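The structure presented is a predicted model; accordingly, all values stated were derived computationally and were not measured.
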Amino acid sequence: MTELLVAQTTTVESIRPAAVLVIPILAMGLIFLSKNRPNVREAWSILAAISMFAIVASMVPGVLDGTVYETDFGAFVGLGDETIDLALQADALGMVFALVSSGLYVLTAIYSIGYMRGHHEPFQTRFFAMLCASVGAALGVAFAANIFVLLVFYEVLTLATYPLVAHDESAEARTSGYKYLAYALSGGLAVFGGMVAVFWLAGDISFTRGGIEGLATLAEDDPWAARAAFALLAGGFAVKAGVMPVHAWLPSAMVAPTPVSGLLHAVAVVKAGAFGVARTVIDVFGPETVAEIGMGTPLAILAGATIIISSLFALRQDNLKARLAYSTIAQLSYIVLGLSLLTQMGLMGGLLHIPAHAFAKLTLFLCAGALYVQLDVKYISEMPGIGRRMPITMSAFAVGSFSMAGIPILAGFVSKWHIMWGGAEAGNLFVPVVLIASGALNVAYFWPIIYTAFFETPDDHGGKPVLEHPFGGTPIKSLQYRPDGGHAGDGHDDDGDAHDDGHGHGHVELPPSDGWDRPAGRLSETTLLMLVPLMSTATLVLLFGIAPDHMVFFDLIQGIVENAGEVSS
């Protein structure tokens, strides 16, 4: 196993944290200049993804040895003796998020070529440019050295992903995009308020492992001021993390193309929110101070309630992407729950769930996109026997689903096991109850998909969704869902007749009355541009579950947790 991080870190001036952010800027220009040459345009996208990942990966050995790579552009503003610096730093916590974002972007960029061409999507040049910009902004969030720089890239990420959410420019896409902007910018405003409060109270907003020392002193003298600052920061970041009740933007964002849904729900946007909560707990206040001001328990209650309630909502979704969206809301709150426990095992479980969820959820979205492009399948009720037609895709979907449910030897089990032990360390019986109940609910809303794909026929399959009525008991038969998770213009009129779905594809009766045919060859069920990425992410789910301590994430996170209780002087 790689040598663990040591308690004492060494800061080294380096251009690499800044260089990784220059690449998406250059790539965006080259992508727009190549708009009339699709092959060149997409080559720039892949080259940018590989370059960003290579620079991030080059810093891993040093970070594991305790090195923090820093690019300092000097003071942005000064108030008396205190300053706010424009600085980037690649530390262990930032490296976890950066590796997930840049690594999975390589696979998403390749997959996007097959998806966008296969579905004949419009505005492809803008799509690839903004996809690159979004990952660049996510890396800015990862490498921010203080709350101010993080907030800047947090807002850039919001603006960069808006064109992706509203991609097809339909009325519903624009409405969903505006909703996303309203929620995300409101969250950013709360973070700004929290930043001002922290700077005013402690005179420092730089990330410090174990927490800013001034806040520890403040917690003793004025705990309510510390609680208010914590609530603003954690609450603002919780918007992007989809914590209830500020989650409603996330299912609406399913109007975006499936690669964007994967980026939003597995890699960049929601992880940026969870990462912000992690920075707040570990590097702004520190676990000891959070415990002292009593904010761990309210955070745990919000996370636990989100996990259970959103899982119940997932049971009602026939639309595949809509079910995955509510699953994301639940799964992101596992990260928040682990962080809220404030124990070493809890923190480790929460942070381990960042890569574990990313691998599994991206697998699920890539599978959903392959079904949509290849067979025009959007609903679970259209999938009886589809495992015969797309066995590799549905096998990968099963791996991702079982990981979400926390089945052993898969990635989700590793993180949830640590969260469970974190709850035991904290003496909190609430945690195992939530984990067991949510595991059962995960099985309840994922197993019917797998069962209907592999073991049912068009003539004999159960009704989907699992729950066919809303919780008030009102029938929802008249409510149709778009293939992207929306509610209007899904290719059906009120009588169920087919019409165009906005992409030139008329809806046909699915599944076929005579069942699905087997693919012509072993790897011919869809294009390799889509098949290879989803197989790769499914493989990562298995590797992380089988040998987690041989993956770099485990070593990085173990070092973070071991140093989290130390407040620098």
Chemist: Say you draw a straight line from OG of Ser327 to CZ of Phe365; how long is it, rounded to the nearest 0.5 Å?
Modeler: 8.0 Å

Chemist: Looking at Gly412, is its backbone amide N or carbonyl O close enough to the side chain of Ser403 to form a donor-acceptor pair, meaning the two atoms are under 3.5 Å apart?
Modeler: yes

Chemist: Is a side-chain donor or acceptor of Arg323 paired with a backbone partner of Ala314 at a separation under 3.5 angstrom?
Modeler: yes

Chemist: What closest approach, in Å, do Leu21 and Gly140 show between heavy atoms, and which atom pair accounts for it?
Modeler: CD2-N, 3.5 Å

Chemist: Apply side chain to side chain contact (heavy atoms under 4.5 Å, CB included) to residues Val377 and Tyr372 and explain how you reach the verdict.
Modeler: CA-CA 5 Å; Val377 167; Tyr372 185 32; over 6 Å; no

Chemist: Hey, could you give me the CG/CD1 distance between Leu30 and Ile25, rounded to the nearest 0.5 Å?
Modeler: 12.0 Å

Chemist: Taking the six-membered ring of Phe313, is NZ or CZ of Arg316 closer than 6.0 Å to its centre and within 45° of its axis?
Modeler: no

Chemist: Report yes if some heavy atom in the side chain of Ile46 is under 4.5 Å from a heavy atom in the side chain of Val106; otherwise report no.
Modeler: no

Chemist: Quick check: closest heavy atoms across Met390 and Ala370, and the distance to 0.1 Å?
Modeler: CE-O, 4.0 Å

Chemist: Do Phe127 and Leu164 make a side-chain contact, defined as non-hydrogen atoms from C-beta onward lying under 4.5 Å apart?
Modeler: yes

Chemist: Would you check if the side chain of Asp318 reaches a backbone N or O of Ile380 as a donor-acceptor pair within less than 3.5 Å?
Modeler: yes

Chemist: Do the non-hydrogen side-chain atoms of Phe143 and Met59 ever get within less than 4.5 Å of each other?
Modeler: yes

Chemist: Tell me whether Ser186 contacts the main-chain N or O of Ala182 through its side chain, where contact means a donor paired with an acceptor under 3.5 Å.
Modeler: yes

Chemist: What verdict does the side chain to side chain contact (heavy atoms under 4.5 Å, CB included) test give for Thr158 and Glu155, after you've listed the backbone C-alpha separation in whole Å, the side-chain angles of each residue and the deciding distance to 0.1 Å?
Modeler: CA-CA 5 Å; Thr158 298; Glu155 300 292 45; 3.9 Å; yes

Chemist: Could you verify whether a donor N or O on one side chain and an acceptor N or O on the other, from Thr537 and Thr363, lie under 3.5 Å apart?
Modeler: yes

Chemist: Looking only at atom types and distance, does a side-chain atom of Thr306 sit under 3.5 Å from a main-chain N or O of Ser333, one as donor and one as acceptor?
Modeler: no

Chemist: Does CD1 in Ile409 sit with more than 12 non-hydrogen atoms of other residues, nucleotides or ligands closer than 6.0 Å?
Modeler: no

Chemist: State, to 0.1 Å, how close Leu375 and Arg389 come at their nearest heavy-atom pair, and which atoms those are.
Modeler: CD1-CG, 3.7 Å

Chemist: Grab the two heavy atoms, one from Pro355 and one from Leu351, that are nearest each other, plus how far apart they are.
Modeler: CD-O, 3.2 Å

Chemist: Under 4.5 Å between any side-chain heavy atoms of Ser310 and His247, yes or no?
Modeler: no

Chemist: Whether the side chain of Ser51 engages the backbone of Leu47 through a donor-acceptor N/O pair (distance < 3.5 Å, no angle test) should be reported.
Modeler: yes

Chemist: Are the side chains of Met130 and Thr161 in touch, meaning some heavy atoms are under 4.5 Å apart?
Modeler: no

Chemist: Of all the heavy-atom pairs spanning Ala405 and Lys416, show the shortest one and how long it is.
Modeler: C-NZ, 4.0 Å

Chemist: Within the 3.5 Å criterion, strictly below it, is a donor on Ser101 or Lys271 matched to an acceptor on the partner's side chain?
Modeler: no

Chemist: Ser536 and Val532: side chain to side chain contact (heavy atoms under 4.5 Å, CB included), yes or no, with the steps?
Modeler: CA-CA 6 Å; Ser536 299; Val532 170; 4.0 Å; yes

Chemist: Any side-chain heavy atom of Phe544 within less than 4.5 Å of one from Leu352?
Modeler: yes

Chemist: Roughly how far, to the nearest 0.5 Å, is the CG atom of Leu529 from the CE atom of Met116?
Modeler: 13.5 Å

Chemist: With a 6.0 Å cut-off on the ring centroids, do Tyr451 and Phe455 count as close?
Modeler: yes

Chemist: About how many Å separate OG1 of Thr452 and CH2 of Trp447, when rounded to the nearest 0.5 Å?
Modeler: 11.0 Å

Chemist: Kindly indicate whether the side chain of Arg41, heavy atoms from C-beta on, has any atom under 4.5 Å from the side chain of Phe128.
Modeler: yes

Chemist: Distance-only, no hydrogens or angles: does the Tyr111 side chain make a donor-acceptor pair with backbone N or O of Leu366 under 3.5 Å?
Modeler: yes

Chemist: Is Tyr180 close to Val269 at the side-chain level, that is, under 4.5 Å between some pair of heavy atoms?
Modeler: yes

Chemist: Enter the distance from Leu543:CG to Leu410:CG here, rounded to the nearest 0.5 Å.
Modeler: 11.0 Å

Chemist: Classify the side-chain pair Tyr334/Ser438 by whether it contains a donor and acceptor separated by less than 3.5 Å.
Modeler: yes

Chemist: Could you tell me the separation between the CG atom of Asn442 and the CD1 atom of Ile407, rounded to the nearest 0.5 Å?
Modeler: 9.0 Å

Chemist: Can you check side chain to side chain contact (heavy atoms under 4.5 Å, CB included) on Phe553 and Val96, steps first, answer last?
Modeler: CA-CA 6 Å; Phe553 296 104; Val96 172; 4.2 Å; yes

Chemist: Phe237 and Tyr154: ring pair (Phe, Tyr, Trp, His ring centres under 6.0 Å), yes or no, with the steps?
Modeler: CA-CA 9 Å; Phe237 289 125; Tyr154 193 76; 5.3 Å; yes

Chemist: For the pair Glu42 (side chain) and Asn39 (backbone), establish whether a donor and an acceptor sit closer than 3.5 Å, ignoring hydrogens and angles.
Modeler: no

Chemist: Minimum heavy-atom separation for Leu324 and Ala368, please, with both atom names.
Modeler: CD1-CB, 4.2 Å

Chemist: Do the side chain of Lys179 and the main chain of Leu250 share a donor and acceptor less than 3.5 angstrom apart?
Modeler: no

Chemist: Taking the six-membered ring for Trp, are Phe402 and Phe413 ring centroids under 6.0 Å apart?
Modeler: no

Chemist: So, the side chain of Trp44 versus the backbone of Leu26: is there a donor-acceptor pair under 3.5 Å, distance only?
Modeler: no

